[in-house]
Amino acid sequence: MFELTLQIAIILFFVAILAGFIDAIAGGGGLLTIPALMWAGLPPAAALGTNKLQACGGSFFASLYFIRKGMINLKQARLSIICAFVGAAVGTIIVQMIDVTILQLVLPFLILAIGCYFLFSKKISEDDKQQVLTPTMFAFTAALGVGFYDGFFGPGTGSFFALAFVSLAGYGLAKATAHAKILNFATNISSLIFFLIGGQVFIVLGLIMLVGQAIGATLGSRLVMSKGVKIIKPLVVTMSFLMSFKLLWAQYG
């Protein structure tokens, strides 16, 4: 039976600060928080549910910061936000019904490919490029699809959203990162609802970590605004490679 002690609460609070900082810039904060929650003694399902609660803090405050700085056009992003929310809800329901073994085998290589794209692509810059999809098409394909993936499985969602905004919407990297956070907030809220219904969230611990996430996300968001590609690109590449290694190690190590 999990018991929340002051020591565990303090450790996880600081883990959440670091995770929120990384998440705001490049995604992948769950690499820190999910193992930390399981180390603290939470069962896997409860660790995932509690992680969604605390992740809402980071994605919300990062999104709020970007909105205040004019990086996000809420009116234009509204349909994508709705589609991401719906996709995550469907994914969360379906994952409880089927075997995800195939996705576990393929995912490390998909995330590795994202890291390589950001590392080697000459298209990555601060400047917007020509869009491949209209905002409506983007919402019903990329936003809905990545949202479904986040509810279904989850690791690397921020990187998938950022890649979609860069390659399909034609956004510059800082703008793509900002929009990735608000869609990730929508998917986090959606999945959290279903974890709460299933009783898989330790609310007190999740709220403690949510405060840490908020602090880290605010600091990370400011770096995105001031440093742009100089800080985002190396961190996206690093976190993609780390996620791939972690997933491969869990399967074959």
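Positions are given from 1, in the same order as the sequence printed here.
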Quiz item: For K181 and D23, what are the C-alpha separation, side-chain angles and deciding distance, and is it a side chain to side chain contact (heavy atoms under 4.5 Å, CB included)?
Solution: CA-CA 9 Å; K181 291 318 297 179; D23 242 345; 4.0 Å; yes
Practice problem: Test side chain to side chain contact (heavy atoms under 4.5 Å, CB included) on Y171 and T177 and set out the steps. | Solution: CA-CA 9 Å; Y171 287 4; T177 301; over 6 Å; no
Exercise. Under the side chain to side chain contact (heavy atoms under 4.5 Å, CB included) rule, what do V132 and S167 come out as? Steps first, then yes or no, please.
Key: CA-CA 8 Å; V132 176; S167 59; over 6 Å; no
Quiz item: side chain to side chain contact (heavy atoms under 4.5 Å, CB included) between L42 and M38: does it pass, once the steps are laid out?
Solution: CA-CA 5 Å; L42 271 69; M38 295 184 71; 5.7 Å; no
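Side-chain contact of T157 with N184: a donor-acceptor pair under 3.5 Å is absent, judged by distance alone.
The OG1 atom of T50 sits 6.0 Å away from the CG atom of L37 when rounded to the nearest 0.5 Å. L192 contributes atom CG, which lies 12.0 Å from atom CG of L48 (distance to the nearest 0.5 angstrom). Interatomic distance, C83 SG to F148 CZ, rounded to the nearest 0.5 Å: 14.5 Å. Between the OG1 atom in T33 and the CG atom in L12 there is a gap of 9.5 Å [rounded to 0.5 Å]. To the nearest 0.5 Å, the span separating CD1 on I193 from CD1 on I197 amounts to 7.0 Å. One finds the CD atom of Q131 at 10.5 Å from the CZ atom of F138 (value rounded to the nearest 0.5 Å).
Within the structure, no pair that satisfies the salt bridge (charged side-chain N to carboxylate O under 4.0 Å, His left out) test touches residues 183-201, not counting sequence neighbours. For the salt bridge (charged side-chain N to carboxylate O under 4.0 Å, His left out) condition, no pair includes a residue of residues 53-65, sequence neighbours left out. Residue pairs meeting the side chain to side chain donor-acceptor pair (under 3.5 Å) criterion with at least one partner in residues 8-21, sequence neighbours excluded, are absent. Under the salt bridge (charged side-chain N to carboxylate O under 4.0 Å, His left out) criterion, no residue pair touches residues 26-41, with sequence neighbours excluded. A salt bridge (charged side-chain N to carboxylate O under 4.0 Å, His left out) check over residues 40-61, counting only residues at least two apart or in different chains, returns the pairs K52-D150.
Side-chain heavy atoms closer than 4.5 Å link hydrophobic residues (I, L, V, M, F, W, Y) into clusters, and following such links, even through other members, never connects I8 to L53. Cluster membership for V86 and F160, using ILVMFWY side-chain heavy atoms within less than 4.5 angstrom, is shared. Under a hydrophobic clustering in which Ile, Leu, Val, Met, Phe, Trp and Tyr are joined whenever their side-chain heavy atoms come within less than 4.5 Å, directly or via other members, L248 and I34 fall into different clusters. In the hydrophobic cluster analysis, where Ile, Leu, Val, Met, Phe, Trp and Tyr join through side-chain heavy atoms closer than 4.5 angstrom, I82 is grouped together with L168. Hydrophobic clustering of Ile, Leu, Val, Met, Phe, Trp and Tyr side chains at less than 4.5 Å, counting indirect connections, unites F241 with I25.
For I81, the side-chain contact (heavy atoms from CB on, under 4.5 Å) test picks out L74, A77, I182, L183, A186, with sequence neighbours left out. Looking at residues two or more places apart in sequence or on another chain, you find a side-chain contact (heavy atoms from CB on, under 4.5 Å) between L32 and V15, L18, A19, I22. In this structure, the side-chain hydrogen bond (donor to acceptor under 3.5 Å, both in side chains) partners of S191, at least two apart in sequence or on a different chain, are T92. Evaluation of the side-chain contact (heavy atoms from CB on, under 4.5 Å) rule for S221 yields A24, A62, Y65, F66 as partners, not counting sequence neighbours. Remark: F14 engages I10, I17 in a side-chain contact (heavy atoms from CB on, under 4.5 Å) (not counting sequence neighbours).
Its side chain within the 4.5 Å cluster rule, L79 clusters with F140 among the Ile, Leu, Val, Met, Phe, Trp and Tyr residues.
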Solution key, residues 198-215 side-chain donor-acceptor pairs under 3.5 Å, sequence neighbours excluded:
from, atom 1, to, atom 2, distance (Å)
Q213, NE2, Q54, OE1, 2.9

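Of all heavy-atom pairs between S59 and S63, the closest is O-OG, 2.6 Å. Nearest heavy atom pair, residue G158 against residue A180, reads O-CB, 4.0 Å.
Between F161 and H179, a ring centre-to-centre spacing not shorter than 6.0 Å is recorded.
Here the side chain of T187 pairs no donor or acceptor atom with the backbone of F85 at under 3.5 angstrom.
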